[in-house]
Amino acid sequence: MSEHQPTRYTIIGNHLTQHRELSLTAIGLGAHIQSLPDGAQVDIRTLAGRFPEGRDRIAAALRELELCGYLERVRERTPEGRIVTRTFSYNDPGATRARRRAGEPRLREAAGPPAPPPVADPGQAPPSRADSGRTPRTSPGQASPSRTGSAPVPPAPPPPRVPVTPPVPPPPRVPVAPPVPPRPRTTQVDAVPTGTTPARAATSLLAELRRDDDRLLLPERDVRRLAPAVTTWLERGAAPEAVRRALSAGLPPDLRHPAALLAHRLTALLPPPLPAAQLAPRPAVVPLQNCDGCDRAFRAPKPGRCRDCREPGGALAPTAA
């Protein structure tokens, strides 16, 4: 049964109540919002306190209404400098879009007050609100149109002017530093660089393993833990390039724990220390002797005469002073 309601009613189009894409929660919430007076609170917290649906369902319903054009949420700055969100309800989004395409301003941006509604004719149905962009609501104290009266309806007060806020200047641009070119990789290292301790060379070698394979990116904690083992390799005469090849060659395809694999290789593949270098025996040095015949110096294992004195016709004997 349809009973005539002369007061406290809201005209809602079937395009909302029979919408094919909106959920039942969104349709009911849209009808409730259109029945509220201007200035009513329609935020998620207020609606969740009014209805048994939770905040998640109400937020999803508001997003559906906003997507279909029944709601518009705009963030504005108040004269006090606060950022607030204003929600505008449209009872006929199709007519609103057509008016905007024609270049007409929005109702909340219009300069003058809206035209007064036509005089209600006795026996005539109330006028449709489908041509209005925003849903008009009856303010407190305003008389509603009657079917039996013939007096004209007073015009509605003009909508409040929304202050125009100046555009917020964009944040200053921060200069971006140019990218640092990667350090060229050393192709071959024969020995530890001069002036570098073995411990520092071991730390650098472990940190640079990621250049051979990205999976060998070690945290600083593992680098410090494995550095003594690499130092032992270097102290036993292994070249840094040989240590690099031993640690990064032949990695398994499903490497999950690179630090554990490197620790195993440093222990299992540790080379033996180099043997001490054996020096060749030096030839025996023949001492110098003084010749008993000519008193000249010559090399011989025992004292005696030199070769010239031993041969016949050799050097003459020294003359006594």
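Sequential numbering from 1 along the given sequence is applied to the chain's residues.
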Test item: [X] and [Y] side chains (from C-beta on) under 4.5 Å apart, heavy atoms:
| X | Y | answer |
| --- | --- | --- |
| Leu65 | Ile27 | no |
| Pro273 | Arg236 | yes |
| Leu266 | Leu226 | yes |
| Arg73 | Arg63 | yes |
| Gln34 | Tyr70 | yes |
| Glu76 | Thr85 | no |
| Leu209 | Leu262 | yes |
| Arg225 | Arg221 | no |

Looking at [Y] and [X], is there a salt bridge between them, counting it only when a charged N and a carboxylate O are closer than 4.0 Å?
| X | Y | result |
| --- | --- | --- |
| Glu208 | Arg244 | yes |
| Arg215 | Asp213 | yes |
| Glu72 | Arg97 | no |

- request: Could I get the full list of side-chain hydrogen bond (donor to acceptor under 3.5 Å, both in side chains) partners for Arg245, not counting sequence neighbours?
  value: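 Partners of Arg245 under the side-chain hydrogen bond (donor to acceptor under 3.5 Å, both in side chains) test: none.
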
Taking side-chain hydrogen bond (donor to acceptor under 3.5 Å, both in side chains) as the test, write out the residues that go with Ser23, two or more places apart.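 Counting only residues at least two positions away or on another chain, Ser23 forms a side-chain hydrogen bond (donor to acceptor under 3.5 Å, both in side chains) with Glu64.
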
In Å, rounded to the nearest 0.5 Å, how long is the span from [atom1] of [X] to [atom2] of [Y]?
| X | Y | atom1 | atom2 | result |
| --- | --- | --- | --- | --- |
| Arg99 | Asp92 | CZ | CG | 9.5 Å |
| Ser248 | Arg211 | OG | CZ | 13.0 Å |
| Asp222 | Leu217 | CG | CG | 10.5 Å |
| Asp214 | Leu255 | CG | CG | 11.5 Å |
| Arg50 | His32 | CZ | NE2 | 5.5 Å |
| Leu261 | His264 | CG | NE2 | 7.5 Å |

- prompt: For residues Arg57 and Thr25, is any side-chain donor paired with an opposing acceptor at under 3.5 Å?
  reply: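 Short answer, yes.
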
Give a yes or no on whether the backbone of [Y] and the side-chain of [X] come within a donor-acceptor separation of less than 3.5 Å.
| X | Y | answer |
| --- | --- | --- |
| Arg310 | Arg305 | yes |
| His19 | Glu21 | yes |
| Ser204 | Ala201 | no |
| Arg265 | Leu247 | yes |

Next on the checklist: One pair to check against side chain to side chain contact (heavy atoms under 4.5 Å, CB included): Asn91 and Thr96. What are the steps and the verdict?
Outcome noted: CA-CA 9 Å; Asn91 61 355; Thr96 304; 5.8 Å; no

Heavy-atom closest pair, residues [X] and [Y]:
| X | Y | result |
| --- | --- | --- |
| Ala61 | Ala26 | CB-CA, 3.8 Å |
| Leu16 | Gly30 | CD2-C, 4.0 Å |
| Arg77 | Gly81 | NH1-O, 3.3 Å |
| Cys306 | Arg296 | SG-NH2, 3.8 Å |
| Thr231 | Ala199 | OG1-CA, 3.6 Å |
| Ala202 | Ala227 | CB-O, 3.6 Å |

Applying the 4.5 Å side-chain criterion to the ILVMFWY set and letting contacts propagate, would Ile33 and Ile44 be lumped into a single cluster?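 Both belong to a single hydrophobic cluster.
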
Hphob cluster co-occupancy, Leu206 + Leu251, side-chain heavy atoms under 4.5 angstrom: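 Same cluster.
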
Can you confirm whether more than 12 heavy atoms, excluding those of [X], are under 6.0 Å from its [atom1] atom?
| X | atom1 | result |
| --- | --- | --- |
| Glu66 | CD | yes |
| Ile83 | CD1 | yes |
| Arg299 | CZ | yes |

Handout entry: Leu22/Cys68 under side chain to side chain contact (heavy atoms under 4.5 Å, CB included): CA gap, chis, key distance, verdict
Key = CA-CA 8 Å; Leu22 291 176; Cys68 293; 3.6 Å; yes

Check your understanding: side chain to side chain contact (heavy atoms under 4.5 Å, CB included) between Leu62 and Leu47: does it pass, once the steps are laid out?
Key -> CA-CA 10 Å; Leu62 290 176; Leu47 295 174; 4.3 Å; yes

Worked verdict on Leu270 versus Trp233 for side chain to side chain contact (heavy atoms under 4.5 Å, CB included): CA-CA 7 Å; Leu270 179 65; Trp233 280 58; 3.2 Å; yes

